[in-house]
*Asks:* 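Below you'll find the structure I mean.
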Number of protein chains: 2
Amino acid sequence: MTPASPAGEPALARLFAIGYRLLIDQLHGRLRALGWTDVRPAFGFVLLAVRDQPATVTGLASLMGTTKQAASKLVETMVVSGYVERETGARDGRQRPVHLTPRGKELLRAVEQIYAELEQEWAQVIGAPGLQRMRRDLVRVLSDADDGALPPVRPVW
Amino acid sequence: MTPASPAGEPALARLFAIGYRLLIDQLHGRLRALGWTDVRPAFGFVLLAVRDQPATVTGLASLMGTTKQAASKLVETMVVSGYVERETGARDGRQRPVHLTPRGKELLRAVEQIYAELEQEWAQVIGAPGLQRMRRDLVRVLSDADDGALPPVRPVW
DNA sequence: TCCAGATGGTCAACGAGGTTGAACATCTTC
DNA sequence: GAAGATGTTCAACCTCGTTGACCATCTGGA
């Protein structure tokens with residue numbers, strides 16, 4: 001549902017949906033142009049989550065707002081593509097922490113590079129301060145709705 | 001993909017995704033509480049599109065950024081639920097324009113009421129001017145990317 | 001110490017909601 | 001008037017999520 005606002009201005013919900021799609025599509029378009037052809041939108045969540053330290057499947061699931069099963073499938077896909085690996089022998093024997101492979105780190109670098117360019121292009125339209133204000137206000141209102149922390153996202157689409 | 005920004009601030013793409021989900025989930029939660037239990041997120045696109053005049057299936061598809069087949073299925077679902085009807089005997093005999101039923105108008109009213117409340121609540125956190133600025137900047141940057149008009153959204157999720 | 005319950009992970013079956021491909025009716029144009 | 005374009009729908013399929021069941025491992029209290 002993306003209703004219009006009272007005054008006939010486009011609803012924020014609709015604008016968010018369009019903005020998300022636009023950024024994601026552009027990011028993946030440029031990734032594809034660079035040869036990264038097997039990257040799914042949801043990969044980004046995992047890449048970032050395991051960027052600095054390994055993460056468990058359950059942790060990923062709660063981060064993304066999906067079930068453990070869905071997160072497990074996603075990890076499996078990324079393992080097959082060679083972006084992450086499952087560890088064995090963690091302190092807690094039930095866990096199978098996930099970490100980046102060298103290829104995964106390469107992809108992460110490409111993603112960060114491209115995404116920075118995209119936000120840069122936005123800054124050229126609404127100005128860098130406008131961009132920062134938008135980010136700050138969004139963080140404020142979204143964490144307010146979830147007592148202080150950013151809620152999970154479902155990487156649907 | 002929703003990478004982090006250079007400085008470690010949350011990526012706009014992620015914030016948009018969270019914001020969209022939040023608004024949509026809250027809207028549907030309140031709709032459900034009022035007894036509207038068979039409303040799917042994508043219904044909103046159709047409700048608004050046919051608000052003032054009928055729309056064709058093809059028009060709805062291009063508005064939402066999906067195939068005509070998907071739009072046709074969506075319309076069929078809404079017909080079954082009693083929110084819209086297909087017209088017959090349009091000027092162009094191929095078309096079967098879709099318009100709101102009384103029940104559909106009722107739902108539209110409820111949606112607009114609730115959605116206005118939600119944006120109102122946002123305004124209480126970031127201020128009405130902040131909300132308007134966010135909307136204005138989003139419209140600016142999004143229509144800039146699509147030569148002047150707001151691009152379609154895929155109502156996935 | 002040991003067992004009941006909680007937690008991490010995966011397999012299997014299923015469902016929602018999109019896509020592609022094909023068919024058919026109607027319009028448009030030369 | 002016939003050839004192609006356009007509007008709509010049917011059918012088959014695919015992706016990616018869910019629920020339900022199951023197993024392995026950890027943890028806490030009797």
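Computed from heavy atoms alone, side chains included, the values below leave out hydrogens, waters and symmetry copies. Per chain, numbering begins at 1; letters A, B, ... match sequence-line order.
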*Asks:* Round to the nearest Å and state the distance from Gln95(B) atom CD to dT28(C) atom C1'.
*Replies:*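 Computing the Gln95(B):CD to dT28(C):C1' distance gives 14 Å.
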
*Asks:* In whole angstrom, give the distance that lies between atom CG of Leu60(A) and atom P of dT10(C).
*Replies:*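 Checked: the CG to P distance equals 11 Å.
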
*Asks:* Check the distance between dT15(D)'s P and Asp38(A)'s CG and give it to me in whole angstrom.
*Replies:*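 The distance from CG of Asp38(A) to P of dT15(D) comes to 14 Å, rounded to the nearest Å.
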
*Asks:* Determine all donor-acceptor pairs shorter than 3.5 Å in which one atom belongs to a side chain in residues 70-77 of chain B; sequence neighbours excluded.
*Replies:*
unit_1	atom_1	unit_2	atom_2	d
Glu76(B)	OE1	Arg86(B)	NH1	3.0
Glu76(B)	OE1	Arg86(B)	NH2	3.1
Thr77(B)	OG1	Lys73(B)	O	3.1

*Asks:* With sequence neighbours excluded, tell me which residues meet side chain to side chain contact (heavy atoms under 4.5 Å, CB included) with Ser62(A).
*Replies:*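 In terms of side chain to side chain contact (heavy atoms under 4.5 Å, CB included), with neighbours along the sequence ignored, Ser62(A) is linked to no residue.
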
*Asks:* Counting C-beta onward and ignoring hydrogens, is there a side-chain heavy-atom pair between Leu108(A) and Tyr83(A) closer than 4.5 Å?
*Replies:*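 No, side chains not in contact.
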
*Asks:* Looking at residues at least two apart in the chain, or sitting in another chain, which of them share a salt bridge (charged side-chain N to carboxylate O under 4.0 Å, His left out) with Arg96(A)?
*Replies:*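 With neighbours one apart ignored, the set is empty.
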
*Asks:* Going by side chain to side chain contact (heavy atoms under 4.5 Å, CB included), name the residues that satisfy it together with Pro97(A), two or more places apart in sequence or in a different chain.
*Replies:*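 Listed in chain order: Pro54(A), Glu87(A), Ala90(A), Gln95(A).
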
*Asks:* Please name all residues satisfying side chain to side chain contact (heavy atoms under 4.5 Å, CB included) with Arg109(B), sequence neighbours left out, ordered by chain then number.
*Replies:*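 Checked Arg109(B) against side chain to side chain contact (heavy atoms under 4.5 Å, CB included); matches are Lys105(B), Glu106(B).
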
*Asks:* Please enumerate all residues that pass side chain to side chain contact (heavy atoms under 4.5 Å, CB included) together with Gln124(A), with sequence neighbours excluded.
*Replies:*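 Gln124(A) satisfies side chain to side chain contact (heavy atoms under 4.5 Å, CB included) with Gln120(A) once adjacent residues are dropped.
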
*Asks:* State whether Ser72(B) places a side-chain N or O below 4.0 Å from either non-bridging phosphate oxygen (OP1 or OP2) of dT9(D).
*Replies:*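 True: Ser72(B) side-chain N/O within range (under 4.0 Å) of dT9(D) OP1/OP2.
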
*Asks:* By salt bridge (charged side-chain N to carboxylate O under 4.0 Å, His left out), which residues pair with Arg94(B), not counting sequence neighbours?
*Replies:*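 Partners of Arg94(B) under the salt bridge (charged side-chain N to carboxylate O under 4.0 Å, His left out) test: Asp92(B).
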
*Asks:* Figure out the CZ/C1' separation between Arg91(A) and dA24(D), and round it to whole Å.
*Replies:*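 Atom CZ in Arg91(A) sits about 19 Å away from atom C1' in dA24(D).
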
*Asks:* Regarding Arg14(B) and Glu9(B), does a basic nitrogen lie under 4.0 Å from an acidic carboxylate oxygen?
*Replies:*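 Looking at Glu9(B) together with Arg14(B), the answer is no, because their closest N to O distance does not fall below 4.0 Å.
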
*Asks:* Report the distance from atom CZ of Phe45(A) to atom P of dC16(D), rounded to the nearest whole Å.
*Replies:*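 Spelled out: CZ on Phe45(A) to P on dC16(D) is 14 Å.
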
*Asks:* I need the CG-P distance between Asp92(A) and dG9(C), as an integer number of Å.
*Replies:*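 Checked: the CG to P distance equals 8 Å.
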
*Asks:* To the nearest Å, how far apart are Lys68(A) NZ and dG20(D) C1'?
*Replies:*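 From Lys68(A) NZ to dG20(D) C1': 12 Å.
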
*Asks:* Identify the pairs formed between an N or O of the protein and an N or O of nucleotides 20-25 of chain C at a distance under 3.5 Å, and give each distance.
*Replies:*
unit_1	atom_1	unit_2	atom_2	d
dG21(C)	O6	Gln69(B)	NE2	2.7

*Asks:* With respect to the phosphate group of dT10(C), does any side-chain polar atom (N or O) of Arg86(A) fall under 4.0 Å of OP1 or OP2?
*Replies:*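 Checking dT10(C) against Arg86(A), a side-chain N or O does come within under 4.0 Å of OP1 or OP2.
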
*Asks:* Give, ordered by number, those residues of residues 78-85 of chain B having at least one heavy-atom distance below 4.0 Å to an atom of DNA chain C; if nothing qualifies, reply none.
*Replies:*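 Nucleic-acid contacts, sorted: none.
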
*Asks:* Over how many whole Å does the gap from Arg96(A) atom CZ to dG8(C) atom P extend?
*Replies:*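 These atoms are roughly 14 Å apart.
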
*Asks:* Is the base of dG18(C) touched by the side chain of Lys73(B) through a donor-acceptor pair closer than 3.5 angstrom?
*Replies:*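 Checked by distance alone, the answer is yes.
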
*Asks:* May I ask you to evaluate whether Arg40(B) reaches the phosphate of dG17(C), defined as a side-chain N or O under 4.0 Å from OP1 or OP2?
*Replies:*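 For dG17(C), OP1 or OP2 has a side-chain N or O of Arg40(B) closer than 4.0 Å.
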
